[in-house]
Structures are given as structure tokens and as C-alpha cells.
Amino acid sequence: MEKSRIMKFISIFLFFFLPYYLQAGEVRVNLLTEFYYNEIKGPGKENSIYEKYSHYLQEVEIFSQGKMSSAWDYNFNTLLRWTDSRNIDREKSSVESLKFIAKSKLDEITVGDYFANFSQYTINRAVKGLGYSHKWDEEGGFFLETFAGYFAPQWEYLYKEVEGEPMERKGGGLRLGWKRESNEVGLNFVEIVDDKDDDNRGTEDAYKQNVVSLNWKWLLGGFDLEGEHASSYTRKFVLDGDDDTLKGLSNKLRVYKRFNRNLSWRFQFEKTDPEFMTLGGAYTPDRERFKNKFDWRVSRKWKFYMNYEWYRDNLDNQKTTTTVTQVGEVGTRVKGLFFQRKRQSTTIAYRLREVKARDESVKWYTERIKLGLSDRFGKVNFRGKVEWLFKNDRVGESDSDKVFYSFMVNTRRRIKEELTLKPYFEVSYDDAHYEKGDVDTLTQSYRTGLNFRYGKCWMGGLNLELGEVDTTGGIDSDRKRVHTYVVYVPPRIKDFQIKFDYSHNDYHFSESSSDYIENLFKISFKKSF
């Protein structure tokens with residue numbers, strides 16, 4: 001069915017046929033109106049991401065819920081947008097979301113935006129189309145889920161030609177499963193097809209794919225077990241080349257065991273063939289991986305953890321060598337380490353990552369040491385962190401070392417009963433040295449501000465940020481940013497809000513031709529009915 005026919009069907013269903021079956025229910029409308037004025041000047045003003053001069057944004061959200069009959073409830077939601085700012089939306093008018101759900105005790109039907117979530121390997125993403133699920137028993141047992149639709153990120157791609165529109169991709173799937181308490185088994189099938197004749201294809205490869213999987217969760221002898229076993233069959237259509245067929249398997253197993261209230265263990269195994277693909281799920285091709293994690297609470301004061309991960313590629317021996325990666329990490333969190341303070345928390349962690357090719361063409365490792373400390377004195381919160389990162393490359397010339405620290409303090413103070421102040425200060429420092437090219441990069445950032453709330457009608461804040469980047473052999477820069485905002489909620493107008501924002505951003509570079517300044521104004525109105 002063509003996209004235009006799908007949109008006609010959805011439109012007729014939602015706006016003409018459906019209202020005859022809806023009883024009077026709750027309807028809520030949210031309006032957002034924003035006006036912008038951006039002043040950008042300086043020799044490097046073209047580097048600004050903002051558009052100059054005045055722009056507007058208008059959004060209307062409509063939400064309705066109620067009953068279709070004694071057995072069926074419904075809810076409807078849509079968000080419509082109008083704007084002349086390409087920073088916000090490339091289209092002047094657009095449908096941001098559109099969803100209708102009808103639900104009974106055993107069935108649920110979705111028309112519009114539907115999040116299809118069968119399993120990791122088959123489908124876990126949003127589509128625009130139809131979704132349906134059915135349960136045979138409210139308390140658990142067999143269930144059915146199915147969907148069909150387009151994998152379009154914007155509704156406009158379905159009813160008109162849009163600049164930059166991607167190649168059309170559509171699909172559908174079926175999940176038949178059984179669930180009872182913590183145990184679940186599901187058999188999944190998903191088919192996804194690209195329109196290889198689409199004018200928006202460009203030079204991209206097109207695919208036609210089937211993925212079948214069995215996923216399950218089971219509680220057995222105190223062990224939480226979870227797994228999935230998938231097979232994919234993919235036809236790859238190359239624009240100026242020979243088509244290809246890809247077949248692959250992927251398997252995963254996860255185990256969780258809590259031995260007692262103080263000790264737990266997590267284990268994960270995953271193996272994915274080089275030619276396994278999933279267009280609707282998530283995967284890493286050509287990888288065999290093991291992962292272990294232990295959490296051990298020694299006492300109310302001390303807690304330790306230990307991680308170990310091992311993975312490799314070249315499962316079919318088609319590459320010239322196999323690369324093996326190992327990652328080990330140990331850490332602890334201690335409460336009240338210094339001066340027996342109950343609100344004090346200290347974290348210490350060490351991680352070692354080694355990457356090695358079996359033919360010795362690649363061999364390097366990194367070490368990371370991390371220290372953190374947080375505490376609270378009265379109503380004043382403190383948090384600090386220091387990290388050291390060292391890379392040793394035994395083959396190439398990419399050795400490096402880096403130190404990073406940050407410190408933040410904030411508090412909350414109420415003056416009388418009406419005024420609440422929230423000041424804060426934060427500083428961060430990042431010093432990196434790269435052996436290749438003998439490059440040093442120093443990045444410093446300072447942020448401070450004061451946010452307030454006065455009664456139920458006023459809130460706002462003033463925030464300042466100063467930053468500097470110094471690089472040997474590169475372009476140095478510094479920035480100054482000031483942002484202030486005020487929000488007013490009129491007490492006599494229900495569900496209404498006015499907000500004013502102003503930002504001043506000043507960017508300077510060692511090459512003065514790139515300097516520019518931004519003055520950004522925005523006023524917004526929100527109203528609900």
C-alpha cells in the first residue's frame with residue numbers, strides 16, 4: 001500500500017469514522033508560542049548555529065481520553081507545529097506526533113506512532129502505522145503482538161516530498177509468547193524492506209531482511225536467566241555493484257544471581273556472526289564477548305565491585321588477524337571515610353583496557369584511575385572528581401596522558417517563606433598531552449549562577465560560564481556566556497505561563513577572523529485548556 005493511501009486511511013479513521021464511537025471524555029489542549037530575535041555579529045558570524053533576526057514557533061498539543069463503550073477505553077494525542085526557523089524544523093508546518101490507542105482488558109490497538117518492542121535482535125524502535133496486542137488471560141499466559149508501518153522519523157515523509165528525506169523503509173512483525181510472573185518465552189518474526197526504486201535513495205545500499213528469534217526469561221533455582229537466539233536473512237542491493245546475500249546467527253545469555261543481601265553476580269555471553277544484521281534492533285557484528293560483574297557490600301560503610309570483559313572479532317577468519325580486547329575494573333564506595341561523616345561518600349576506581357592483535361600489529365593499553373568525593377555540610381553540597389588516563393602504545397606512536405578534575409558546590413536557602421535561592425559554582429580542568437605531534441591541550445571551564453523562586457508566581461535565574469582552550473600548534477579559543485531567564489505564572493489565569501530568556505555569547509579565537517558574538521532573545525507563552 002502506498003504511503004499516501006496509508007495516510008488517507010489514518011486520517012479518515014481518526015477524524016471521520018472514529019468520533020461516532022467515542023463517548024464524551026476528557027479533552028486537554030496545550031499551546032506553546034515562542035518568539036525569537038537573534039543578533040549575530042563579528043567576522044566569524046557564519047560559524048553561529050543560530051539564525052539571524054526574528055523567528056516564531058507555535059505548537060498545539062491535543063490530548064483526549066474516555067470510553068468508546070463499556071468495554072473499551074481510548075486516549076488520543078497529537079502535537080502539531082508551525083515555525084519559520086530551520087533550526088527548529090526544516091518544515092514550516094509539521095505533525096510531530098499522532099497516536100490513538102483503544103484498550104480493553106485483553107486487547108490494545110494503536111494507530112499512528114507505535115513503539116514496537118519485541119526483542120533486542122528483532123525490533124525495538126518506533127514506527128508510524130498500526131500495532132495490536134492480545135492476551136488470552138489477564139493473569140498471564142499466551143499473548144500475541146503484531147505491527148506494520150513505516151520507519152520514518154517524521155510524519156511529513158509520509159504525505160509530501162521533503163528536502164533531505166531518507167529512502168523509504170517499511171516493515172512488520174509478529175510476536176507470539178507466553179508469560180507468567182517472572183517467566184516469559186517469545187517467538188518473533190520481523191520483515192523490513194527498503195524501497196530500492198525510491199528517488200531519495202541516493203548512493204545508499206538497500207536491504208530486504210527477515211529476522212527470526214526466540215527470546216526468553218526464566219527464574220530457576222535463584223538464578224535470573226535471560227537469552228535470545230536469532231537468525232537473519234538479508235538481501236543487500238548495491239546501487240552500482242553486485243547484489244549480495246547475508247546470513248548470520250546471534251546468541252546471547254545473561255545470568256543474574258543474588259547470593260545474599262550483600263553479594264550479587266552478573267554474567268553475559270554474546271556471539272554475533274559477521275553477516276548477522278538487524279535493521280530494527282541492536283547488535284554488534286563479528287563479536288564474541290564475555291562479561292562478569294561482582295557487587296559486594298562488605299558493610300554499611302564499604303561496598304566493592306569488580307568487572308571483567310573479554311571480546312574478539314574475526315569469527316569467520318576472513319580478516320588477516322584477530323583483535324582481542326580485555327577490560328578489567330575494580331572499585332569501591334565508602335561512606336564516612338573521613339572524620340566518620342555520615343553524608344560523606346568516597347569512590348575509588350581503577351580500570352585497565354588492553355587491545356592486542358594476534359599478529360602483534362596492534363598492541364596498546366590504557367589505565368584509568370578515578371577518585372571522587374561528595375559531602376554535605378548543613379544545606380551546602382560539595383562534589384569533586386579527579387581522573388587520570390594513561391595510554392601506552394607499544395607499536396604505534398599514540399601514547400598520551402590526561403588529567404581531569406571537577407569541583408562543584410551548591411546550596412538551597414529559603415529566605416522568609418516566599419523566596420528560595422539556589423546558588424552554585426562549578427570548575428573543571430582538562431589537561432591532555434599526545435605523544436604523536438607533541439600536542440598539549442588545556443581546557444578550563446568555570447560556571448556559576450543563582451536561580452530563585454518567589455512564591456508561586458515567579459522563578460528565574462542568572463548563569464555565567466567562562467571557558468578557555470589552549471592548544472600547542474592549534475587554534476586557541478575562549479568563550480563567555482551569560483544566560484538569564486524569568487518565568488511568571490499569573491495567579492488569576494489558570495494554567496498560563498510567560499517566560500523570557502536572554503543569552504549573550506562571546507567567542508574569541510587565536511585567528512580573529514573567526515570571532516563572533518550572539519545576542520539571543522526569546523519570549524514564550526504556555527497555556528492549557
Side-chain angles (χ1 to χ4, degrees), residues 120-121 223-228 250-259 262-274 276 278 281-298 302-317 319-334 345-372 385-406 430-436:
Q120 175 186 327
Y121 293 141
F223 288 84
D224 286 321
L225 307 175
E226 179 181 352
E228 183 172 6
S250 189
N251 294 275
K252 71 172 182 178
L253 173 66
R254 294 174 181 169
V255 182
Y256 173 74
K257 171 66 175 177
R258 179 173 287 277
F259 297 97
N262 297 322
L263 180 63
S264 65
W265 169 59
R266 289 178 173 84
F267 168 80
Q268 178 177 321
F269 165 76
E270 188 170 12
K271 186 175 182 179
T272 305
D273 292 347
F276 178 85
T278 172
Y283 75 112
T284 302
D286 192 19
R287 176 165 292 185
E288 182 180 25
R289 172 164 57 184
F290 296 88
K291 188 175 182 179
N292 275 286
K293 181 178 181 180
F294 287 93
D295 289 290
W296 182 27
R297 184 180 177 184
V298 181
W302 290 85
K303 183 179 180 180
F304 292 90
Y305 71 87
M306 179 177 67
N307 301 331
Y308 174 75
E309 183 176 3
W310 178 97
Y311 55 90
R312 72 176 181 99
D313 62 359
N314 197 25
L315 302 189
D316 58 357
N317 296 316
K319 298 180 180 179
T320 56
T321 187
T322 299
T323 302
V324 177
T325 301
Q326 299 184 79
V327 183
E329 184 174 7
V330 293
T332 182
R333 181 180 179 184
V334 192
S345 177
T346 305
T347 58
I348 305 171
Y350 172 77
R351 184 184 70 187
L352 174 65
R353 175 190 295 270
E354 181 187 61
V355 179
K356 182 190 300 184
R358 288 179 177 170
D359 65 354
E360 301 292 325
S361 60
V362 176
K363 190 175 184 180
W364 58 267
Y365 68 87
T366 60
E367 296 176 278
R368 187 190 71 178
I369 303 172
K370 181 169 67 174
L371 303 176
K385 181 175 70 172
V386 183
E387 287 189 22
W388 293 271
L389 185 66
F390 310 96
K391 180 178 180 181
N392 187 315
D393 191 340
R394 298 179 179 179
V395 176
E397 299 179 355
S398 61
D399 288 3
S400 64
D401 59 82
K402 177 179 178 180
V403 60
F404 169 83
Y405 77 76
S406 65
D430 190 325
D431 189 3
H433 174 75
Y434 303 94
E435 191 72 26
K436 190 173 183 178

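Here the structure is a predicted model, which means the values were calculated and not measured. We count residues from 1, following the sequence as given.
You'll find the side chain of Arg258 stays beyond 4.5 Å of the side chain of Trp265, heavy atoms only. Val355 has its side chain out of reach of Tyr365: every pair of non-hydrogen atoms, C-beta onward, lies at least 4.5 Å apart. By the 4.5 Å heavy-atom criterion applied to side chains, Arg254 and Leu225 are not counted as neighbours. Between Asp313 and Thr322, the closest side-chain pair of non-hydrogen atoms falls below 4.5 Å. With a 4.5 Å cut-off on side-chain heavy atoms, Lys293 and Met306 do not count as touching. Using a 4.5 Å cut-off on side-chain heavy atoms (C-beta onward), Val327 and Lys291 make no contact. Within the 4.5 Å cutoff, the side chain of Lys391 has heavy atoms near those of the Ser398 side chain. The shortest side-chain heavy-atom distance between Glu309 and Gln268 does not fall under the 4.5 Å cut-off.
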Evaluate Trp364 against Glu354 for side-chain contact (heavy atoms from CB on, under 4.5 Å), listing each step before the verdict.
CA-CA 6 Å; Trp364 58 267; Glu354 181 187 61; over 6 Å; no
Could you please spell out the steps behind the side-chain contact (heavy atoms from CB on, under 4.5 Å) verdict for Leu315 and Glu288?
CA-CA 8 Å; Leu315 302 189; Glu288 182 180 25; 3.9 Å; yes
Before giving the answer on side-chain contact (heavy atoms from CB on, under 4.5 Å), spell out for Val324 and Arg358 the whole-Å C-alpha distance, their side-chain angles and the decisive distance to 0.1 Å.
CA-CA 8 Å; Val324 177; Arg358 288 179 177 170; 3.9 Å; yes
Could you walk me through whether Thr325 and Arg312 pass side chain to side chain donor-acceptor pair (under 3.5 Å), step by step?
CA-CA 6 Å; Thr325 301; Arg312 72 176 181 99; over 6 Å; no
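A salt bridge is absent between Glu367 and Arg351; no separation between the charged side-chain nitrogens and carboxylate oxygens falls under 4.0 Å. Salt bridge annotation for Asp431-Lys402: absent, with no cationic side-chain nitrogen under 4.0 angstrom from a carboxylate oxygen. A salt bridge links Glu329 to Arg368: one of the charged nitrogens lies within less than 4.0 Å of a carboxylate oxygen. With salt bridges taken as basic N to acidic carboxylate O contacts below 4.0 Å, one links Asp286 and Lys319.
Contact detail for Pro285 and Pro274: the closest heavy-atom pair is CB-O, 4.0 Å. Residues Thr347 and Arg333 approach most closely at CG2-CG, 4.0 Å, considering heavy atoms. Minimum interatomic distance between Val362 and Val395 (heavy atoms only, all atoms of both residues): C-CG2, 4.2 Å. Taking both residues in full, the closest heavy atoms of Thr278 and Tyr121 are given as OG1-O, 2.6 Å, listed atom of the first, atom of the second, then distance. Closest non-hydrogen pair, Asp295 versus Tyr305, comes out as OD1-CB, 3.5 Å.
Between the CG atom of Asn251 and the CG atom of Asp273 there is a distance of 8.0 Å, given to the nearest 0.5 Å.
Considering Lys252, Arg287, Arg289 as possible partners of Glu270, the one that fulfils the salt bridge (Lys or Arg N to Asp or Glu O under 4.0 Å) test is Arg289.
Other residues, nucleotides and ligands contribute more than 12 heavy atoms inside 6.0 Å of the NZ atom of Lys257.
Under the rule for a side-chain hydrogen bond (donor to acceptor under 3.5 Å, both in side chains), the partners of Thr321 that lie at least two apart in sequence or sit in another chain are Asp359.
Under the 6.0 Å cut-off for aromatic ring centres, Tyr283 and Phe276 qualify, their centroids lying closer than that.
Note on ring orientation: taking the six-membered ring where Trp is involved, the planes of Trp310 and Phe290 are tilted (angle from 30° to 60°).
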